[in-house]
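Small disclaimer: the values here were computed from a predicted structure and weren't measured. Just so you know, these numbers use all the heavy atoms, side chains as well, and skip hydrogens, waters and symmetry mates.
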Amino acid sequence: MPFSFRSAILLAYAAGMILGCGGERALAPGLSDNEEASDQPLGKLAVDDNSGRAVVVATVLGDDAPLVGVAVAFARSISGLSPEFTWADTTEANGRARVDIAGAGGYYQVRATRGGNHLGSWSSIPVNGGQRVTVELPVGGAARVTDASALAAGRLPADIRVGVVLPETGDGKSVGHFVRNGMELAREEVNRYELGSSTLHFIAEDSESMPEVAAAAFEKLIHEDEVSIILGPGYSSSAAVAFPIAQRNSVVAFSPTAAAAGLGAIGDFVFRVPAPVSRIAQSTLEVAKAKLQLNRVAVIYDSTDVFSTSGFEESAKALSDLGVETLAAEAFATGQTDFSAELSRINNLKPDVILVWTRPLQRVVIPVQGRKLGIPYEIPFLVFGFASSQIEQTGPAAEGLITGTFWSRSIDTPANRAFVENYRARFGGEPDLFAAEGYVCVRILAAALIRAGSTSSELVRDALAAIEMPTVVGQFAFDANGDPTYPAVLQVVRNGKFETLED
């Protein structure tokens, strides 16, 4: 139901009290661990705003880090009555608990305990029927409402069917594996915490790492499965042929990984998570010029792949603008596996850096073959799109390798720490860039679905275009072409791990 004027006043007033701007303060954050929470009447009168169901997603924080295994219980605050903690849940690895409240409307008290020990109590949490409230509960501090939005339940369908087209086989299967894991982790989270009584389901199709198969998968999902939203495809070459199909049919297409220049301009129904290669190349090479004294480079690229040719063209413009000389541009065709001739010619030129624009498999093969041919480690490979999961595949040849990226496991924010920990717990391994992209893709889609209150492709398109939200890759928003706006960061492989490239 819509957010009423009366509810808006209530939320603003209550939020002011929560933040310590006046009125009733948070209850006893200084209580000892073994002290019982107060059972005294709170003196607040609950407001009935047509009652109904509400969802509260509460994050318990200690020293800015999520706390796991905390019992979070809510009680409705009614004047003259002691609180009855009727609604409860336990925080998971990301410190979040989801509490479904029936008969919502008014102010609520919340308390947090772990192992029988009291951690904290807070009051004046505003909850209204038909709303989803996101609240942070810092131990030792005042609660903070971070979001209150219309609840998806009752407006979104119970079963939200979304198509997914990723390379599950072929030379992109390793990319597809990580993207799909990231998507699944996010899907499980949004189904629990974000979508109310609605459930997000994937209808998955394998692109087989081939554009024509991706195009056929889009046709099938649109005309047979009748989906209004498709996540994918993975490769830029596939997006170049699949995005126009989505645009013609007014279906939202949202790729987690396609980064070639110009894809976003295909139409207003297409979006992607990665920054386009024009922005990646420019920002990466500007930093490389400053930090590596870059003056002479050689380039090797796949002339039959959309991402690679787009990246080569954009980096050529950036290098020219920066006054960097391109000694050679060695082209090859998709499927080539022996690069000894190209790499030998490059080695003879002694460039400062070797730029590599290829599909994922060749990003591993080329540095390995280059080091075996005797290209010294003093000449680094700058490999665009190189993920942390590929370091082990590349072995010793990865040492000193540089890449332009926009996500790292080492980003020290609560959201990113939770993502990395949850991924490890769920899949028994480390996430990489592609997993982060898949995760962000689904989290952004969920936010757009809630904003739209519908699976209508037109409404979801408009909601995506207006998105501005924090994610594990940083603050996220789209420009007019459906491209994200964040810059790249340079990372270098040292001792088998990525580190931020420093002076």
Lys/Arg cation over aromatic F269: R461, 6.0 Å, 45° cone |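 Because its charged atom sits under 6.0 Å from the ring centre and within 45° of the axis, R461 does stack over F269.
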Any cation-pi pair here, R409 with F498, using under 6.0 Å and within 45°?
->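 Pair R409/F498 does not count as cation-pi.
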Just how far is it from atom [atom1] of [X] to atom [atom2] of [Y], taken to the nearest 0.5 Å?
X    : Y    : atom1 : atom2 : answer
L449 : L200 : CG    : CG    : 7.0 Å
I160 : F202 : CD1   : CZ    : 11.0 Å
T91  : R96  : OG1   : CZ    : 11.0 Å
F427 : N422 : CZ    : CG    : 10.0 Å
R98  : R132 : CZ    : CZ    : 10.0 Å
E421 : N94  : CD    : CG    : 9.0 Å

So Q282 and E286, side chain to side chain contact (heavy atoms under 4.5 Å, CB included) or not? Walk me through it.
-> CA-CA 6 Å; Q282 183 70 38; E286 284 176 355; 2.7 Å; yes
Please work out which of the three classes, parallel, tilted or perpendicular, describes the rings of Y439 and F419, given edges at 30° and 60°.
->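 Rings of F419 and Y439: tilted, 30 to 60°.
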Assign the ring pair F478 / F476 to parallel, tilted or perpendicular, where the plane angle (0 to 90°) is split at 30° and 60°.
->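 The arrangement is perpendicular - the two ring planes meet at more than 60°.
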Between [X] (side chain) and [Y] (backbone), is there a donor-acceptor pair under 3.5 Å?
X    : Y    : value
T199 : D159 : no
N416 : S408 : yes
D432 : F434 : yes
S278 : A261 : no
R494 : E499 : no
Q247 : D268 : yes
T403 : Q491 : no
S255 : P233 : yes
D89  : A97  : no

Do [X] and [Y] make a side-chain contact, defined as non-hydrogen atoms from C-beta onward lying under 4.5 Å apart?
X    : Y    : result
P274 : F307 : no
D206 : V213 : no
P256 : L166 : yes
P431 : V420 : yes
I230 : I222 : yes
I229 : F254 : no
Q109 : F85  : yes
Y235 : S207 : no

Going by atom types alone, do S388 and E430 pair a side-chain donor with an acceptor below 3.5 Å?
->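 Their side chains do not contain a donor-acceptor pair, so the 3.5 Å distance test is not met.
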T86 and E84: side-chain donor and acceptor closer than 3.5 Å?
->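 Side chains of T86 and E84: no pair found under 3.5 Å.
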Check [X] against [Y] and note the closest heavy-atom contact, atom names and distance.
X    : Y    : answer
G264 : V270 : O-CG2, 3.7 Å
T455 : S228 : O-OG, 2.6 Å
P126 : V145 : CD-CG2, 3.8 Å
G163 : V227 : N-CG1, 4.1 Å
P138 : A143 : CD-CA, 4.2 Å
R272 : A260 : NH2-O, 2.9 Å

Check against salt bridge (Lys or Arg N to Asp or Glu O under 4.0 Å), E226 and R161 = CA-CA 9 Å; E226 298 181 340; R161 299 162 65 252; over 6 Å; no
Step-by-step side chain to side chain contact (heavy atoms under 4.5 Å, CB included) determination, E189 to V442 | CA-CA 10 Å; E189 291 182 3; V442 174; over 6 Å; no
Kindly check if the number of other-residue, nucleotide or ligand heavy atoms within 6.0 Å of NZ (K173) is above 12?
->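 No, not enclosed.
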If you count the non-hydrogen atoms of other residues, nucleotides and ligands that lie under 6.0 Å from CD in E392, is the total more than 12?
->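 Counting other residues, nucleotides and ligands, CD of E392 stays at 12 neighbours or fewer.
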Any chance you could lay out the side chain to side chain contact (heavy atoms under 4.5 Å, CB included) test for D479 and R279, step after step, and finish with the verdict?
-> CA-CA 12 Å; D479 65 15; R279 190 172 296 121; 3.8 Å; yes
Of all residues at least two apart in sequence or in a different chain, which pass the side-chain contact (heavy atoms from CB on, under 4.5 Å) check with T284?
->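 Scan of T284 (side-chain contact (heavy atoms from CB on, under 4.5 Å), adjacent residues dropped) gives I280, L382, F384, A488, L490.
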Partner set under side-chain contact (heavy atoms from CB on, under 4.5 Å) for R451, not counting sequence neighbours |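 Checked R451 against side-chain contact (heavy atoms from CB on, under 4.5 Å); matches are A463, A466.
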Ion pair present between R180 and E184, side-chain N to carboxylate O less than 4.0 angstrom?
->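 Looking at R180 and E184, the cut-off is met.
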Run the side-chain donor-acceptor check on residues 56-73: report pairs under 3.5 Å with partners two or more places apart or on a different chain.
none

Show your reasoning for whether side chain to side chain contact (heavy atoms under 4.5 Å, CB included) applies to I391 and K497.
-> CA-CA 7 Å; I391 294 175; K497 293 182 180 179; 5.7 Å; no
